[in-house]
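What you see is a predicted model, and the numbers here were worked out from it, not measured in a lab. Numbering starts at 1 and runs along the sequence shown.
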Amino acid sequence: MEQIIAPETRVDRRALLAAGITVVLWASAFVAIRSAAQYFSPGALALGRLLAGSVVLGVIWLARREGLPPRAAWPGILGSGLLWFGLYMVVLNWGEQEVDAGTAAMVVNVGPMLIALLGGWLLREGFPPRLLAGMAVSFAGAVVVGISMSDGGRASIVGVLLCLLAAVTYAGGVVCQKPALKHASALQVTTFGCFVGTAACLPFAGSLVTEIAAAPLPATLNVVYLGVFPTALAFTTWAYALARTTAGKMGATTYVVPALVVLMAWAVLGEVPGWLTLAGGLLCLAGVAVSRGGGRRASPVT
């Protein structure tokens with residue numbers, strides 16, 4: 001009897017690759033946002049990012065001729081578009097202006113745990129012990145990274161509340177998106193979710209026009225980068241992976257982001273991390289490894 005890897009395993013590997021692309025690009029967004037935020041307000045930055053993402057996604061969608069999403073997918077698309085593409089991006093940009101990076105990292109990393117809880121309850125994904133254990137380890141790592149990166153100042157209560165709201169909208173957006181992926185493709189769900197988010201941010205159009213006129217070219221290019229890669233590409237690979245696994249496991253995967261941000265800041269900005277930061281990053285990675293384990297075994301095929 002020869003053991004052959006079943007198709008489900010191969011699909012899961014592709015989903016893991018897509019998730020890996022997502023977390024790397026989302027981590028890179030922190031560096032780009034840091035550079036652009038001094039020239040763009042939270043709403044304008046979100047709208048500029050979403051406009052760039054919408055253009056790229058719209059062109060790809062038209063080229064692939066995938067058509068409009070089915071009616072059954074629209075509640076999830078609208079929910080994820082308003083909560084995740086729209087409100088989340090504005091609130092997170094605003095929150096990070098009010099608190100230090102360490103506090104923001106700790107508060108926003110409540111999101112994956114909320115995804116696991118909401119996914120287990122609303123999407124009936126259950127509460128696998130391995131997933132919960134891995135998330136606990138990763139959350140501890142995120143706290144360590146947050147503490148090590150904190151500047152020691154007094155956190156703004158408004159900033160903490162904004163980051164908490166960002167975590168809630170992120171989790172709500174993922175839980176809305178998951179059912180939509182049963183009826184529409186990853187490209188359709190991402191494209192129209194981005195369109196919805198862009199429409200929701202249109203009230204910031206005046207600020208965006210004014211700030212683009214005053215901003216230097218590198219800052220504007222950072223906004224374009226945020227739209228093309230961490231939004232158009234990364235949200236599509238996220239949706240592809242989410243359609244092939246549970247919301248809880250995908251949420252746990254994003255705990256890798258703080259560790260990657262530390263390494264990118266080290267390489268790009270010359271910010272050398274301390275041993276405590278590196279230890280926290282390793283905890284984040286270990287927790288993701290635990291949560292992603294225990295998957296489907298290879299099926300014996302005769």
Side-chain angles (χ1 to χ4, degrees), residues 5-30 53 57 60 76 80 84-85 88 105 108-116 118-120 123 125 128 130-135 137-139 141-142 145 167 170-182 184-191 193-194 226 228-264 281-296:
I5 297 177
E8 289 85 351
T9 304
R10 293 195 296 269
V11 170
D12 186 62
R13 286 177 179 173
R14 292 197 295 268
L16 285 174
L17 176 60
I21 293 171
T22 298
V23 297
V24 169
L25 291 177
W26 282 354
S28 74
F30 283 83
L57 287 167
I60 297 173
S80 64
W84 197 6
F85 286 87
Y88 168 80
V108 174
N109 270 289
V110 172
M113 286 195 168
L114 294 176
I115 292 172
L118 291 174
L123 303 180
E125 293 178 351
R130 196 177 180 97
L131 172 62
L132 296 179
M135 295 188 75
V137 174
S138 287
F139 184 72
V145 171
Y170 159 44
V174 172
V175 173
C176 287
Q177 190 182 65
K178 176 66 174 175
L181 291 166
K182 295 180 180 178
S185 71
L187 178 61
Q188 288 175 319
V189 171
T190 304
T191 299
C194 193
L226 286 167
V228 175
F229 293 99
T231 303
L233 178 56
F235 273 80
T236 302
T237 52
W238 164 277
Y240 175 88
L242 181 61
R244 290 158 176 80
T245 186
T246 65
K249 282 192 173 185
M250 279 302 294
T253 302
T254 63
Y255 273 120
V256 176
V257 171
L260 292 177
V261 170
V262 170
L263 294 177
M264 289 181 180
L282 289 175
L283 275 177
C284 291
L285 295 173
V288 172
V290 171
S291 67
R292 297 293 308 191
R296 186 187 298 270

Mutual orientation of the aromatic rings belonging to Tyr170 and Tyr88 [parallel < 30°, tilted 30-60°, perpendicular > 60°]: tilted
Heavy-atom closest pair, residues [X] and [Y]:
{"X": "Phe85", "Y": "Thr190", "value": "CZ-O, 3.9 Å"}
{"X": "Leu25", "Y": "Ala234", "value": "CB-CB, 3.8 Å"}
{"X": "Gln177", "Y": "Ser80", "value": "CB-CB, 4.0 Å"}
{"X": "Ala18", "Y": "Tyr240", "value": "CB-CD2, 3.7 Å"}
{"X": "Leu57", "Y": "Cys194", "value": "CD1-CB, 3.8 Å"}

Partner set under side-chain hydrogen bond (donor to acceptor under 3.5 Å, both in side chains) for Thr236, not counting sequence neighbours: none
Donor-acceptor pair, side chain of Trp26 and main chain of Pro230, under 3.5 angstrom: yes
Donor-acceptor contact below 3.5 Å, side chain Thr22 vs main chain Trp238: yes
Listed partners of Ala184 passing side-chain contact (heavy atoms from CB on, under 4.5 Å), at least two apart: Pro69, Pro70, Ala73, Gln188, Val189
Side chains of Leu233 and Val228 in contact at under 4.5 Å (non-hydrogen atoms): no
